[in-house]
Amino acid sequence: MASNAGITFRQLFESESSTYTYLLADAQTKEAVLIDPVLETIDRDLKLIEELGLDLKVAVNTHCHADHITSTGLMKKRVVGLQSAISKFSGAAADIQLSEGDHITFGKHRLTVRETPGHTDGCVTLVLGDQSMAFTGDALLIRGCGRTDFQQGSAEKLYESIHQKIFTLPESCLLYPAHDYKGRTVSTVGEERRFNPRLTKSLQEFVSIMNNLNLSLPKKMAVSVPANLVCGIQD
């Protein structure tokens, strides 16, 4: 799947946790960035990167995941010069500790960090330089959003993050979440502002919805969170 001019773009899927991994590369220099890679699909991802002749520079996680283990640590052992990145507020180890306004560059392109806490303190949304695409992690999902009942979750923070940092992007900006459980792959800012059943509500209504989801904890949470705090590398 190709995207806008000068960028090679692939959206990849891991079925157990319904996680999307995103690969972006400068079509000329071949420098690449990988977003939210999953341990179980490391061989698939590295094979694709090799097939496309890409030079993977940074593997970034949008937050410290609770439902799967990241492959960034193991990937660093297999890709010379690869750096890992995550928010400085995540509490997780990485080569690059990201803050609001930081840039992750690949060739002549870049992703800009917008801090979007609420699902976790360390959630970030990564916005392409021309604001044509944004990778929202678990903060904003397609017609939904990340839960706020564990890992520093705050419904009030999440509501503010989405409205101030994501819904202020151009209406045509394509939104790519970290997960989808219904087979959907992409949305837009305009769509979510109009049709998201949670985020079209008032703050008070949103908080009430989020406080009454009564969801069970992710199956892999007890394993995933400790592993992801150390870049996915376990003893």
Side-chain angles (χ1 to χ4, degrees), residues 17-20 35-39 59-73 84-102 104 111-127 134-142 144-168 175-181 192 196 198-199 201-234:
S17 60
S18 296
T19 298
Y20 286 121
I35 301 172
D36 288 335
V38 181
L39 186 61
V60 55
N61 285 293
T62 54
H63 63 292
C64 185
H65 303 277
D67 58 354
H68 68 268
I69 297 174
T70 181
S71 66
T72 50
S84 58
I86 200 167
S87 166
K88 71 175 184 179
F89 296 112
S90 68
D95 300 310
I96 304 168
Q97 298 283 320
L98 299 170
S99 299
E100 177 77 18
D102 285 352
I104 299 172
L111 294 166
T112 300
V113 175
R114 292 193 177 196
E115 293 172 352
T116 47
H119 173 63
T120 74
D121 281 347
C123 285
V124 297
T125 290
L126 303 170
V127 183
F135 302 88
T136 58
D138 278 17
L140 181 63
L141 306 177
I142 298 173
C145 63
R147 58 195 292 182
T148 57
D149 57 338
F150 63 84
Q151 268 189 301
Q152 319 99 39
S154 166
E156 291 87 353
K157 279 186 182 180
L158 184 60
Y159 190 88
E160 181 178 326
S161 291
I162 293 171
H163 281 273
Q164 293 187 2
K165 299 293 183 69
I166 300 175
F167 282 177
T168 53
L175 299 179
Y176 292 95
H179 303 281
D180 192 82
Y181 307 100
E192 296 307 315
N196 191 298
R198 297 178 183 174
L199 278 307
K201 300 289 195 293
S202 68
L203 172 59
Q204 185 177 5
E205 290 173 307
F206 178 78
V207 171
S208 178
I209 291 169
M210 298 307 292
N211 287 345
N212 291 281
L213 293 179
N214 298 317
L215 300 171
S216 57
L217 292 176
K219 289 184 291 185
K220 288 188 173 183
M221 183 175 176
V223 175
S224 297
V225 172
N228 289 332
L229 287 173
V230 288
C231 216
I233 296 295
Q234 305 164 89

Under the ring pair (Phe, Tyr, Trp, His ring centres under 6.0 Å) rule, collect the residues that match up with Phe89, sequence neighbours excluded. none
Are the side chains of Val60 and Phe135 in touch, meaning some heavy atoms are under 4.5 Å apart? no
Qualifying side chain to side chain donor-acceptor pair (under 3.5 Å) pairs, either residue in residues 204-215, two or more places apart: Ser202-Glu205
Keeping Asn61 on the side-chain end and Ile86 on the backbone end, is there a donor-acceptor pair under 3.5 Å? no
Using side-chain heavy atoms (C-beta onward) and a distance below 4.5 Å, is Asn196 in contact with Leu140? yes
Is it true that a side-chain atom of Asp102 and a backbone atom of Ser87 form a donor plus acceptor pair closer than 3.5 Å? no
Heavy-atom side-chain proximity of Val207 to Tyr159 below 4.5 angstrom: no
Once you round to the nearest 0.5 Å, how far does OG1 of Thr120 lie from CG of Leu158? 10.0 Å
Taking all non-hydrogen atoms of both residues, which atom of Lys157 and which atom of Gly118 are closest, and how far apart? CB-CA, 3.9 Å
Find the distance between CG (Leu98) and OG1 (Thr112) and round it off to the nearest 0.5 Å. 11.0 Å
Without swapping roles, check the side chain of His119 against the backbone of Thr148 for a donor-acceptor pair under 3.5 Å. no
Taking the side chain as every heavy atom from C-beta outward, state whether Gln164 and Thr116 have any pair of such atoms under 4.5 Å apart. no
CA sep, side-chain torsions, deciding dist, call: Met210, Arg198, side-chain contact (heavy atoms from CB on, under 4.5 Å): CA-CA 9 Å; Met210 298 307 292; Arg198 297 178 183 174; 3.9 Å; yes
Closest non-hydrogen atom pair between Pro177 and Thr136, with its separation: CA-OG1, 3.5 Å
Answer whether the closest heavy-atom distance between the side chains of Val113 and Ser99 falls below 4.5 Å. no
What is the distance from atom NE2 of His179 to atom NE2 of His65, rounded to the nearest 0.5 Å? 6.5 Å
Report yes if some heavy atom in the side chain of Gln151 is under 4.5 Å from a heavy atom in the side chain of Asp138; otherwise report no. no
Taking every heavy atom of Val225 against every heavy atom of Cys64, the minimum-distance pair comes out as O-SG, 4.0 Å
Passing option when Lys165 is tested against Glu160, Glu100, Glu115 for side-chain hydrogen bond (donor to acceptor under 3.5 Å, both in side chains): Glu100
Identify the two heavy atoms, one from Thr125 and one from Ala134, that lie closest to each other, and give their separation to 0.1 Å. CG2-CB, 4.1 Å
For Pro117, does its backbone N or O pair with a side-chain atom of Ser161 as donor and acceptor, under 3.5 Å? yes
Between CG of Leu199 and CD1 of Ile166, what distance do you get to the nearest 0.5 Å? 8.5 Å
Taking Asn228 for its side chain and Ile69 for its backbone only, find out whether a donor-acceptor pair lies under 3.5 Å. no
Does the side chain of Asp36 pick up a donor-acceptor pair with the side chain of Thr62 at under 3.5 Å? yes
Does any non-hydrogen side-chain atom of Cys145 lie less than 4.5 Å from one of Glu192? no
On a heavy-atom basis, which atom in Ser224 and which in Ala66 lie closest, and how many Å separate them? CB-O, 3.5 Å
Verify, without hydrogens or angle tests, whether His68 (side chain) and Leu39 (backbone) share a donor-acceptor contact under 3.5 angstrom. no
Parallel, tilted or perpendicular, judged at 30° and 60°: which one describes the rings of Phe167 and His163? perpendicular
Check whether any side-chain heavy atom of Ile96 lies under 4.5 Å from a side-chain heavy atom of Ile104, and answer yes or no. no
Test item: Ser84 side-chain N/O and Ala59 main-chain N/O as donor-acceptor pair under 3.5 Å: no
With rounding to the nearest 0.5 angstrom, report the NZ to OG distance, Lys219 to Ser17. 10.0 Å
To the nearest 0.5 Å, what is the distance between CD1 (Ile233) and OG1 (Thr70)? 9.5 Å
